[in-house]
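Encoded as structure tokens, the structure appears first; notes follow it.
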Amino acid sequence: MSANVLAIDQGTTSSRAIVFDGDYRNIAVAQEEFAQHFPASGWVEHEPEDIWDTTLRTAKAVVAEVGGPGAIAALGITNQRETTVIWDRRTGKAIHRAIVWQDRRTADRCARLKADGLEPTVAARTGLLLDPYFSGTKIGWILDHVDGARAAAEAGHLAFGTIDSFLLWRLTGGTVHATDATNASRTLLFDIHKGDWDDELLAALDVPRVLLPEVRDSSADFGETVPNLFGGAIAIRGIAGDQQAATVGQACFTPGMVKSTYGTGCFAVLNTGPEAVASQNRLLTTIAYRLDGRTTYALEGSIFIAGAAVQWLRDGLGVIAHADQSGEFAAEADPSHDVVLVPAFTGLGAPHWDADARGALYGITRATGPRELAHAALESVCFQTLDLIEAMHRDLPGHDADTVLRVDGGMVASDWTMQRLADILDAPVDRPVVLETTALGAAWLAGRGAGVWPDMEGFSASWRRDRRFEPAMDPDVRAARIARWNDAVRRTLSR
Ligand SMILES: Nc1ncnc2c1ncn2[C@@H]1O[C@H](COP(=O)(O)OP(=O)(O)O)[C@@H](O)[C@H]1O
Ligand SMILES: O=P(O)(O)OC[C@H](O)CO
């Protein structure tokens, strides 16, 4: 049997398909960006057909490149998490655009649920907080705003899914409505301790159970692709949310290991092993992966804007021509400038969870130019990471002894940002050789599920470092910059 594995990585800004060979080498890759829709302030939507079309085209391209479906042992899916699709089971068509994880439209609903005293129950059962980030209130919004949706849902005609479920439904020709435990753990509806949907939360959020997918392990039998898509069936054997897939792809299998992924947002995930640790510092408790029915938990810090700040410099302000230029510009910024960007474009995530905050730029003068803006945008990602790592250290005293952060995602191509990250964290930052760790994690889950790839130990041994960034900033300079950041955040919070 072939040892090649196909990973579909459906991200916030693009869909990617990658085939890895038995030595985890990337032997074929295709990527397509798709449109982002911002219909109102704080709203973000995707067209589900764009997600499907870009996914199918990129997957078809790499399958053809490696010699057809016979050259692929298994397929793994990883995806932007929380993004919510509801479709009609009879037609497979979505009844509304996907509401993206960054979307804040349900902030009022969350505030009301909080005022009703629901948050302690949510936190205890789901490990999450009442924030519009998660799928639960997005589902309610679609059911309440699309004509006839609630009645159709009650009648069993509709299906809810995060992007993995939606793609799985389409890939299997509408025969499998399932998800994995990591994606389920981001919905506000899933009891991460019992491993099942929670009826009390379903009732509180007005979500009929009949809408929901079946929850399976992250490495499991998810059916097969319908033969006409790729010219033959491919077994689907792995699913995980993208941050959990990156945790796997970075081989963070030992409790205490932590990775941080820098894509549109930034997500730091700390493996806590078989114990679910309840955060005292407004981090999330989430499922890292579920294998053979056994759940491994994690603490997660979620930041909504990381690479998106670079996109804003490029597409919003037009002050850089391409993403790479942000690092070059930051290196050339006037060292005496004192510009700080708090990129609360869609509110602030962990550890503040302020859905109503909006971005702010402090310290601009007539001398502030594109270089200083690029510096502030990249540095903001480092400060936000520091806030997350410090919260993790407070939750797990002693954990900071020898923390090395494993990083991945589009932004880690920037040496300047990675060096500044090590400086601000005052800790080493390791960049692996394989930067597509999200896709690799999904591939490993699928390869394991298909029985063609080795166990955790074998996979861990294959992890290779490209470069370690060591902290080198003067302690006084560091302290002053962090103080400036903390002050800027305080002034930006909405309450
Ligand atoms: N050299 C670079 N320097 C800084 N940011 C970069 C660089 N290259 C890519 N990015 C940013 O990384 C993000 C893309 O990363 P990716 O992991 O593909 O994200 P996603 O999965 O969220 O779509 C974009 O926001 C882009 O602006
Ligand atoms: O698409 P990314 O890489 O920014 O990841 C999105 C996250 O899964 C949202 O929780």
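As the structure lists them, so they are numbered: ligands from 1, and atoms in each ligand from 1. What's counted below: heavy atoms across the whole structure, side chains too, no hydrogens, waters or symmetry copies.
Classification of the W141-H96 ring pair by plane angle, with boundaries at 30° and 60°, yields perpendicular. Using bins of under 30°, 30° to 60° and over 60° for the plane-to-plane angle, the ring pair F459/W444 lands in the parallel bin.
Under the 3.5 Å distance criterion, the side-chain polar atoms of S414 are matched with a main-chain donor or acceptor of T417. Although no hydrogens or angles enter the test, the distance criterion places no donor-acceptor pair under 3.5 Å between the side chain of Q243 and the main chain of A268.
Cation-pi check for R186 over F134 is not met; the charged atom does not lie both under 6.0 angstrom from the ring centroid and within 45 degrees of its normal.
Under the 6.0 Å cut-off for aromatic ring centres, W43 and H37 do not qualify, their centroids lying 6.0 Å or more apart.
The immediate protein surroundings of ligand 2, defined as residues with any heavy atom under 4.0 Å of it, consist of G11, T12, Q80, R81, E82, W101, Y133, D242, Q243, T264, G265, F267.
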Check your understanding: Could you walk me through whether D338 and R484 pass the side-chain contact (heavy atoms from CB on, under 4.5 Å) check?
Key -> CA-CA 9 Å; D338 204 13; R484 178 95 174 99; 3.0 Å; yes

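With a 4.0 Å cut-off on non-hydrogen atoms, S326 touches ligand 1 through its side chain and not its backbone. By the criterion of a heavy-atom distance under 4.0 Å, neither the backbone nor the side chain of E436 is placed next to ligand 1. When non-hydrogen atoms are compared, ligand 1 lies under 4.0 Å from neither the backbone nor the side chain of A306.
Among protein heavy atoms, atom 26 (C) of ligand 1 sits closest to G307 O, 4.1 Å. At the shortest separation from atom 11 (C) of ligand 1 among protein heavy atoms lies M411 CG, 3.9 Å. Among all non-hydrogen protein atoms, the one lying nearest atom 18 (O) of ligand 1 is R16 NH1, 3.3 Å. At the top of the distance list for atom 19 (O) of ligand 1, counting protein heavy atoms only, stands G263 CA, 3.4 Å.
Within the 4.0 Å heavy-atom cutoff, G327 does not count among the residues contacting ligand 1. Using 4.0 Å as the threshold, Q80 has no heavy atom nearer than that to any atom of ligand 1.
Heavy-atom contacts of Q311 reach the following atoms of ligand 1: 24 (C), 25 (O), 27 (O) (cutoff under 4.0 Å). Residue T13 has at least one heavy-atom neighbour below 4.0 Å for each of these atoms of ligand 1: 20 (P), 23 (O). Distances below 4.0 Å separate heavy atoms of A308 from the following atoms of ligand 1: 25 (O). Interface of D324 with ligand 1, defined as ligand atoms under 4.0 Å from a residue heavy atom, comprises 1 (N). Interface atoms of ligand 1 facing S414, defined by a heavy-atom separation under 4.0 Å, are 3 (N).
Note: no N/O pair closer than 3.5 Å links Q31 and ligand 1 by distance alone. Residue contacts with ligand 1: G410 is placed with a nitrogen or oxygen under 3.5 Å of a nitrogen or oxygen of the ligand (distance criterion only). Below 3.5 Å of separation, one finds an N or O of T264 facing an N or O of ligand 1.
Of the options Q102, H46, Q311, a side-chain hydrogen bond (donor to acceptor under 3.5 Å, both in side chains) to Q36 is made by H46 and by none of the others. Considering F160, F166, W87 as possible partners of H177, the one that fulfils the ring-ring contact (aromatic ring centres under 6.0 Å, His included) test is W87.
Side-chain contact between S185 and Q244 is present, with at least one heavy-atom pair separated by less than 4.5 Å.
Contact check on R237 versus D217 returns no salt bridge, with no Lys/Arg side-chain nitrogen under 4.0 Å from an Asp/Glu carboxylate oxygen. The pair E49-R170 meets the salt-bridge criterion, with a side-chain N (NZ, NE, NH1 or NH2) lying under 4.0 Å from an Asp/Glu carboxylate O.
Annotation for I364: atom CD1 does not count as buried by contact number, only 12 or fewer foreign heavy atoms lying within 6.0 Å.
Take T12 and apply the side-chain hydrogen bond (donor to acceptor under 3.5 Å, both in side chains) test, not counting sequence neighbours, and it matches W101.
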